[in-house]
Amino acid sequence: MKLNFNRALVTGGAGFIGSHLVDALVAAGCRVAVIDSLATGAISNLEHIRGQIAFHQGDIRDRKILEKAAENCEVLFHLAAVVSVPETVANPVESACVNDLGTLYVLETARRRNVKRVVFSSSCAVYGDDPALPKQESMLPQPCSPYAVQKLTGEHYAQVYHELYGLETTSLRYFNVYGPRQDPSSPYSGVISLFMTHAVSDAVPVIFGDGHQSRDFVYVQDVVRANLLAAVADQADGQVFNVGTGRSVPIKRLWEMIRMLSGATRQPRYEPARAGDIVKSVAGTALIKKHLGFAPDYTFERGLGLTFEWYRESRRAEGARRKTDAS
Ligand code: UD1
């Protein structure tokens, strides 16, 4: 994609989504700075382009590091956050310090450093369990976790910074993002990262509930493209857009698809539905199509195939490393 800016800062650039965005920016010829505390991000996600970016290890609440990282930056992509919903439930105050106050620091730094535009990573969590489908941006948000409140607060701050200070801001509400580099190490990791890990190690996956619950899974490269479109668009200021596909895949079907891809033989184990699990989630996609010209490039089948290749390759590389270490 042709960009109309030369310098960008990515907060959370060592994370799952952030590192793919950094790759795309570098590939487009942009000079990229990254700030990441490495609390959940991993420097290994940036290893292959480490020499081509300015990496600042630090927290977004460290004003000094943030101001330095934002120097001469034209567009700022704000992805750094406490991204686990259960973690925000366990630690509402600490997570608010990062997700609320941290976002405010980022916006304020953007204002003081004359950054032109900020693209804020929000979440479909802001819709809560309103059963109306598909989720439209015009719906009244019903946040039901500290995480959702924090993301909604970030969106409001972004809008206020646009209205009060003329900072160009756009918020993107991601649906269920999947793809290479998604960390499966927590029991609360995304279901695709967990199922992929089970598939490549021939372990038994768990399906919570009857498996008929479904999600709108969006491939990470499409999320990256939505970010880039928001950065260059003429009609995005002060707005909020869903980033999803408009298609919803049942969890039971998801495991079947992964099983077919991998040749895994295991049947899933069924456990009671998770408390607060929503039945169906699907994005309304008209607004982002109209204003940003965004439609996903990746079908679910293609994205899932690419993701599987990555997990299989990672497993192979890990096995080889263990062998070398042991000898
Ligand atoms: C996702 C987001 C979350 C956001 C929420 C908003 C991710 C990782 N999480 O949660 O940040 O707040 O949308 O709606 O994208 N499942 C299984 N077996 C497993 C793991 C999960 O059956 O081993 C099921 C879950 O019960 C759920 C579905 O798969 O029904 C998706 O789970 P998950 O990937 O954790 O995402 P959400 O719960 O949708």
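Indexing begins at 1, ligand by ligand and atom by atom, following the structure's order. All values below come from the heavy atoms of this structure, side chains included, with hydrogens, waters and symmetry mates left out. Quantities reported herein were computed from a predicted structural model and do not represent experimental measurements.
- The ligand atoms of ligand 1 that sit less than 4.0 angstrom from a heavy atom of Val85 are 3 (C), 11 (O), 12 (O).
- Protein heavy atoms are found less than 4.0 angstrom from atom 30 (O) of ligand 1.
- The shortest N or O to N or O distance between Tyr147 and ligand 1 is not under 3.5 Å.
- Considering both main-chain and side-chain atoms, Ser123 never comes within under 3.5 Å of ligand 1 through any nitrogen or oxygen pair.
- The stretch residues 120-148 participates, sequence neighbours left out, in no salt bridge (Lys or Arg N to Asp or Glu O under 4.0 Å) pair at all.
- Of the residues Thr245, Asn242, Thr285, the one that meets the side-chain hydrogen bond (donor to acceptor under 3.5 Å, both in side chains) test with Asp216 is Thr245.
- Residue contacts with ligand 1: Ala125 is placed with no nitrogen or oxygen under 3.5 Å of a nitrogen or oxygen of the ligand (distance criterion only).
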Extract all donor-acceptor atom pairs below 3.5 Å that involve side chains of residues 190-205 and protein atoms in other chains or at least two apart in sequence.
| from | atom 1 | to | atom 2 | distance (Å) |
| --- | --- | --- | --- | --- |
| Ser193 | OG | Gly190 | O | 2.8 |
| Thr197 | OG1 | Ser193 | O | 2.6 |
| Ser201 | OG | Thr197 | O | 2.6 |

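- In this structure, Arg173 forms a cation-pi arrangement with Tyr127, its terminal cationic atom sitting closer than 6.0 Å to the ring centre and no more than 45° off the ring axis.
- At least one protein heavy atom sits closer than 4.0 Å to atom 1 (C) of ligand 1.
- For ligand 1, the atoms sitting less than 4.0 Å from at least one non-hydrogen atom of Gly190 are 8 (C), 34 (O), numbered in the order shown with element in parentheses.
- Taking all atoms of both residues into account, the shortest heavy-atom contact from Thr169 to Gln159 is OG1-N, 4.1 Å.
- In Val206, the part holding a heavy atom less than 4.0 Å from any atom of ligand 1 is the backbone.
- Smallest separation of non-hydrogen atoms from Lys2 and Val232: O-CG1, 4.3 Å.
- For ligand 1, the atoms closer than 4.0 angstrom to any heavy atom of Leu194 are 20 (C), 23 (O).
- With ligand atoms numbered from 1 in the order given, ligand 1 contributes 22 (O), 28 (C), 29 (O) to contacts under 4.0 Å with heavy atoms of Ile251.
- Contact between Cys124 and ligand 1 is present, with at least one heavy atom of the residue lying under 4.0 Å from the ligand.
- Those atoms of ligand 1 with a heavy atom of Gln213 less than 4.0 angstrom away are 24 (C), 26 (O), 30 (O).
- The cationic group of Arg247 does not satisfy the cation-pi geometry with Phe300, failing either the under 6.0 Å distance to the six-membered ring centre or the 45° limit from the ring axis.
- For a threshold of 3.5 Å applied to N or O pairs, the pair formed by Ile278 and ligand 1 contains no separation below that value.
- Among protein heavy atoms, atom 13 (O) of ligand 1 sits closest to Asn176 OD1, 4.0 Å.
- The cationic atom of Arg111 (NZ for Lys, CZ for Arg) lies less than 6.0 Å from the six-membered ring centre of Tyr165 and within 45° of the ring axis.
- Close N/O approach between Arg274 and ligand 1 is found [any backbone or side-chain N/O within under 3.5 Å].
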